[in-house]
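Down below is the structure, laid out as structure tokens.
Note that the structure is a prediction, hence the values are computed from the model and not measured. Just so we're on the same page: letters track the sequence lines, and every chain starts at 1.
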2 protein chains.
Amino acid sequence: MRPQKALDKEVISGLTKVFSSKGYEGASLQDLATAASLKKASLYHRFPNGKKEMADAVLAHLQAWVQENVFDILNDTHTKPEVRLKTAIENIGVLYDGGNRTCIFRALSMEAGMELFGQQIEDGMKVWIAVFEKIGLELKLSPKQAKEYALQTLIDIQGSLILARGLGNTGIFEKTLMNISNRYLK
Amino acid sequence: MRPQKALDKEVISGLTKVFSSKGYEGASLQDLATAASLKKASLYHRFPNGKKEMADAVLAHLQAWVQENVFDILNDTHTKPEVRLKTAIENIGVLYDGGNRTCIFRALSMEAGMELFGQQIEDGMKVWIAVFEKIGLELKLSPKQAKEYALQTLIDIQGSLILARGLGNTGIFEKTLMNISNRYLK
DNA sequence: GTCTATAGCTAGATAGAC
DNA sequence: GTCTATCTAGCTATAGAC
């Protein structure tokens, strides 16, 4: 075997950028290979099932990052909930590169993507909602309020990312993250 | 000349559905032709500059609809602002088919689309914000609040559309429209 | 494990009959 | 104005050398 040219992490990182910015159909194998610093055939060696498997790997990688840096933080009952919330929201800022990166759910939820990833997107969103609902309860919100705040948190993140991109103004996203925090902690 | 087979309105309607649901790259000429009840070559007769011109026509058509059914309503100073707002929000519900339809800005704002439509999306969003800012002032909000409410209105619409689609639950969108209304009129 | 080369197909777009 | 037929370029994916 020839030596491994690109590290797995670099490959996934490149694929993530392409899928996030171009969507599933918009991402060509040529784009993906270039971003991964590999030739197309080498990508197929690592992902024998092709493009779908590459996107699955990206989703899994992001899911693991979010689990570690958002969900586990929010669920860490050894820390005060106010601190957990602040840290988690900071990490959400990192996840979306301060408003410069599109959410993968959005990128993969155009029609063709919905058929392939619809279930994963739905399940993923439900976990986000459940985790924010839980921290809301720990912050002494009523069950109804906790549910509403959790939904509004996701709406704010997704909506502000779209506006930030459309207006070319990442400040909208950063401001929205602050609003989310203030809503819980006021 | 042979008789016109499909009315302009039906053609635009078909193209709109395809671009909205599949995005710019995801929409193939075959998809577009089928939805327009025409063959590919006939589409090119109506849109000599191809796919880009078709998407431009869809954008222009939606813009005109929004102008008439949202912006003009909100700006109609012969009616009380409370009534204008309610009517405009109802029409936004119609525009997005109660949460079933994706916003065209979102569908066209993946990377390839941003290069082609970025300016139109930015300009379009700015008009939305300006119009909602104006109605906020008429409803006696402070200038700062009017600006914030207008931004939040767009964030809520875009975000709730994404959640509605991702979760397969249009109720989230309908609920959010009510929240927008209540925020202004409380 | 990475590469060059290429198969097989579909994309966007065009020519020309009617 | 609509159609069938076709072009070229790009797509996803594979074969096989190293």
Side-chain angles (χ1 to χ4, degrees), chain A residues 1-59 61 107-108 110-117, chain B residues 1-59 61 107-108 110-117:
Chain A
M1 302 185 194
R2 291 194 182 179
Q4 183 158 317
K5 188 178 172 184
L7 295 173
D8 281 10
K9 280 189 179 182
E10 298 166 345
V11 171
I12 286 285
S13 165
L15 300 185
T16 302
K17 280 180 192 162
V18 176
F19 280 123
S20 296
S21 63
K22 302 203 170 190
Y24 187 71
E25 314 223 44
S28 78
L29 280 238
Q30 199 53 256
D31 295 332
L32 293 163
T34 303
S37 306
L38 286 173
K39 299 295 177 183
K40 281 189 285 179
S42 304
L43 265 188
Y44 273 93
H45 177 82
R46 301 200 187 200
F47 304 96
N49 293 321
K51 199 170 166 178
K52 170 69 161 58
E53 187 177 353
M54 299 176 205
D56 282 335
V58 166
L59 268 175
H61 182 258
L108 297 182
M110 284 288 99
E111 184 144 304
M114 276 303 279
E115 284 156 29
L116 295 171
F117 308 103
Chain B
M1 303 186 194
R2 291 195 182 178
Q4 182 158 319
K5 187 177 171 184
L7 295 174
D8 280 11
K9 281 189 179 182
E10 297 167 345
V11 171
I12 287 284
S13 164
L15 299 185
T16 302
K17 281 180 192 162
V18 176
F19 279 123
S20 296
S21 62
K22 302 204 171 189
Y24 187 70
E25 314 224 44
S28 78
L29 276 256
Q30 199 53 256
D31 295 332
L32 294 163
T34 303
S37 305
L38 286 173
K39 298 296 175 183
K40 279 193 285 180
S42 305
L43 264 188
Y44 272 93
H45 177 82
R46 302 201 186 198
F47 304 96
N49 293 321
K51 198 170 164 178
K52 171 70 160 58
E53 189 177 351
M54 299 175 206
D56 282 335
V58 165
L59 268 175
H61 182 258
L108 297 181
M110 285 287 97
E111 184 143 303
M114 275 303 279
E115 284 156 29
L116 295 170
F117 307 104

DNA chain D contacts made by residues 5-15 of chain B, counting heavy atoms under 4.0 Å: B/K5, B/A6

Would you say the side chain of B/F47 lies within less than 4.5 Å of the side chain of B/K52, judging by non-hydrogen atoms? no

Please round to the nearest 0.5 Å and tell me the distance separating atom CD of B/E25 and atom CG of B/L108. 10.5 Å

From CG of A/L38 over to P of C/dT4, roughly how many Å is that when rounded to an integer? 12 Å

What's the spacing between B/D8 CG and B/E10 CD if we round to 0.5 Å? 9.5 Å

Measure the spacing between NZ of B/K39 and OG1 of B/T34 and express it to the nearest 0.5 Å. 7.5 Å

Can you tell me the distance, in whole Å, between the CD atom of A/E25 and the C1' atom of C/dT10? 12 Å

With a 4.5 Å cut-off on side-chain heavy atoms, are B/F19 and B/K51 touching? yes

Any protein N or O atoms within reach of nucleotides 13-15 of chain C? Criterion: under 3.5 Å, listing atom names and distances.
| from | atom 1 | to | atom 2 | distance (Å) |
| --- | --- | --- | --- | --- |
| C/dA13 | OP2 | B/Y44 | OH | 2.6 |
| C/dA13 | OP2 | B/K51 | N | 3.2 |
| C/dA13 | O5' | B/Y44 | OH | 2.9 |
| C/dA13 | N6 | B/K40 | NZ | 3.1 |

A/D56 vs A/L116 side-chain heavy atoms within contact, under 4.5 Å: no

Non-hydrogen side-chain atoms of B/L38 and B/R46 separated by less than 4.5 Å: yes

In the 5' to 3' direction, the nucleotides of DNA chain D bounding the stretch that comes under 4.0 Å of a heavy atom in chain A are D/dC11 to D/dC18

Can a donor-acceptor pair be found, under 3.5 Å and without considering hydrogens, that links the side chain of A/S20 to the backbone of A/T16? yes

Exactly one candidate in A/L29, A/N49, A/V18, A/L59 meets side-chain contact (heavy atoms from CB on, under 4.5 Å) with A/M54; the answer is A/L29

Scan A/S28 against the nucleic acid and name what it touches under 4.0 Å (heavy atoms): base, sugar-phosphate only, or nothing. sugar-phosphate

How is A/A27 classified with respect to the nucleic acid when contacts are heavy atoms under 4.0 Å: base, sugar-phosphate, or nothing? sugar-phosphate

